[in-house]
Amino acid sequence: MKNTLICAGNETYSHYRIPGMTVTAKGTLLIYFEARRTMSDWANMDILLYRSEDGGESFSEPIVIAGGTEQFPTVNNPVCIAEPDGTLHFLYCRDYSVEGGDVFYRRSDDDGKTWSEPRNIMASTRPDYHNVIACGPGHGICTKNGMLLTPVWMVPKSANVPVRAHNPAQISTLYSLDHGDTWQLGEIIPASSTVPDPNETQAAELSDGSIYLNVRTTGSGCRAYTRSKTGYSGWDDLQRDETLIDPTCFGSVVSAGGKQLGFVNCCSKTERQNLVCRYSSDGGKTWEKSITVEPGDAGYADIAVMPDGTVCVLYEQRFGECDRLARFRMDELK
C-alpha cells in the first residue's frame, strides 16, 4: 500500500476538510476539499480541486471551484460526477442553502481543467420544504442509463429547529435525467426508530441497475442502508448494518463492477480512527474482506477505483489538519 501526504494546514488554510474524489473517463484522478481558514463548518473557505494524470503520483496546482466571500463565507459539500463521455458535473452549496445560501452546478468538458460559470439550481431542491441542505459529500454517480445522482441530506422546516441546525436530518437524492441540464429532488427518506437522524450518504449502482445508499446516522454506532430500483423513489425502509460499526463520521462506497462494492469508514463505535476498507461481492449484503488503511487518527474518507483496478482512499487526519491518499489493489484485502 502506498500512503501519501496530500495537503496540510498552512498560512492560507488551516484545515482541508470534507474530501471528495472521482475518476474521469480519461483516468484522471480528481480530488477536492473545503479549504477552510478556521476549523468551523461556517468558516470562510474555498473549494479547491486538484488533478492527477499519473494515478495519484503527482497533482496539479489547485483550481478554485468556489470561493467564500464576506457575505457568504461558506462554500460546502462539494460533489463531482463523471460521465463515460468525459463530461464532468460539479455540485456544491453556499452557506448550506440558508440565509441567502444556494445550491450551484458547474460542468467541465476538458477533463476538469476548466469549468462553466456556476448555475444556481436551488429551485430544484424543494426549498419550501427544508432549511439546511447539503450534497453528499464525497462523489456522485452516473448510472448505466445515464442518470446523474448524488445523495443529499436536509433538515425539514417542520422540525422547528434553528435555521442553521444540522439535525434532525432526512435524506434524498438529487438527480438529472438530461446530463445536468435540469435537476430534481427524489423521494424523501425519513428517519426511523432504529435509524435516527440519517444524514451524510453515499450511493453505488448495483449490477441489476438498482441504487444502494450507505448512510451515516447519528449516535447509532453503525451504518445504515437502503435500496431503490430507480434511485429516486420506492426506497426500502432504512436498515442498520451492524457489521459496519461507525462513530458517526462520513464514510464512502464505490461500485467495483457487478455486485462488487468497496466501502471505507472509521471502524470504531466511538472514535474517528482505525480507517478500514471493506469488500462485498454481493451488493453490500455481507462484507467478507478488509484491509486497514490507517490504524490511527482518521476521519472523513472517500473511495474511488482507477481504470487499472487500483483502489484510492482519500482521508482526513486531525479533522483536516492534513489529508492523505492511500492506494492499493483490491486483492490486498484479506
Side-chain angles (χ1 to χ4, degrees), residues 19-32 47-56 59-60 62-66 77-92 103-121 124-125 135-152 173-186 202-213 228-232 252-262 302-312 314:
M21 177 170 52
T22 196
V23 181
T24 75
K26 291 185 177 180
T28 301
L29 182 64
L30 305 180
I31 63 173
Y32 36 93
I47 293 175
L48 303 184
L49 178 144
Y50 302 78
R51 302 175 66 257
S52 175
E53 297 182 358
D54 56 12
F59 285 89
S60 68
I63 298 167
V64 180
I65 296 292
N77 280 56
V79 167
C80 189
I81 304 172
E83 281 202 77
D85 69 358
T87 309
L88 296 168
H89 307 268
F90 206 99
L91 298 159
Y92 64 93
V103 181
F104 292 93
Y105 164 81
R106 302 184 73 175
R107 65 179 283 155
S108 173
D109 297 307
D110 60 3
D111 206 43
K113 297 174 184 176
T114 62
W115 295 83
S116 65
E117 289 299 310
R119 175 160 58 89
N120 192 326
I121 62 167
S124 303
T125 73
C135 303
H139 64 272
I141 62 172
C142 179
T143 66
K144 295 181 182 72
N145 66 6
M147 178 174 64
L148 309 177
L149 180 148
T150 179
V152 295
T173 52
L174 186 63
Y175 66 98
S176 174
L177 301 176
D178 54 14
H179 305 282
D181 288 343
T182 62
W183 294 82
Q184 302 175 68
L185 190 69
Q202 276 282 266
E205 184 177 21
L206 303 178
S207 56
D208 63 359
S210 63
I211 302 300
Y212 165 88
L213 298 185
S228 161
K229 292 181 179 179
T230 67
Y232 51 81
S252 188
V253 67
V254 68
S255 172
K259 294 184 178 181
Q260 299 179 94
L261 295 176
D302 202 5
I303 185 171
V305 180
M306 298 295 290
D308 66 358
T310 298
V311 180
C312 298
L314 180 68

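As a basis for the values below, the full set of heavy atoms in this structure was taken, side chains included, without hydrogen atoms, waters or symmetry mates. Index from 1, following the sequence.
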Which residues share a side chain to side chain contact (heavy atoms under 4.5 Å, CB included) with [X], sequence neighbours left out:
X      : answer
Pro307 : Val23
Thr87  : Glu83, Asp85, His89, Arg107, Asp109
Ala203 : Ile141, Leu149, Pro151, Ile211, Leu213
Ser210 : Leu206, Asp208

message: Under the criterion side chain to side chain contact (heavy atoms under 4.5 Å, CB included), I'd like the reasoning laid out for Leu30 against Leu88: C-alpha separation, chi angles, the key distance, then a yes or no.
response: CA-CA 10 Å; Leu30 305 180; Leu88 296 168; 3.6 Å; yes
Closest non-hydrogen atom pair, [X] against [Y]:
X      : Y      : value
Pro78  : Ile47  : CB-CG2, 3.9 Å
Gly112 : Ile63  : O-CD1, 3.4 Å
Thr28  : Ser52  : CG2-O, 3.3 Å
Phe104 : Pro118 : CD2-CB, 4.0 Å
Gln184 : Leu177 : NE2-CD1, 4.3 Å
Thr173 : Gly231 : OG1-O, 2.7 Å

Nearest 0.5 angstrom please: [X] [atom1] to [Y] [atom2], how far?
X      : Y      : atom1 : atom2 : answer
Cys80  : Leu49  : SG    : CG    : 7.0 Å
Tyr105 : Leu148 : OH    : CG    : 7.0 Å
Arg106 : Ile121 : CZ    : CD1   : 13.5 Å
Thr150 : Asn77  : OG1   : CG    : 9.0 Å

- request: Please test Thr230 against Met147 for side chain to side chain contact (heavy atoms under 4.5 Å, CB included), starting from the C-alpha separation and ending with a verdict.
  value: CA-CA 10 Å; Thr230 67; Met147 178 174 64; over 6 Å; no
What pairs with [X] under side chain to side chain donor-acceptor pair (under 3.5 Å), at least two apart in sequence or on another chain?
X      : result
Ser108 : Asp110
Ser124 : none
Asp302 : His139, Ser252
Thr22  : none

query: Are any of the side-chain heavy atoms of Leu185 and Val152 separated by less than 4.5 Å?
result: yes
- request: With sequence neighbours left out, write down each residue that passes ring-ring contact (aromatic ring centres under 6.0 Å, His included) with Phe90, or none if nothing qualifies.
  value: Tyr32, Trp115
task: Only counting residues at least two apart or in another chain, list the ones meeting ring-ring contact (aromatic ring centres under 6.0 Å, His included) with Phe59.
output: none
Hey, is the main chain of [Y] close enough, under 3.5 Å, to the side chain of [X] for a donor-acceptor pair?
X      : Y      : result
Glu53  : Leu29  : no
Arg51  : Asp111 : yes
Glu205 : Ser255 : no

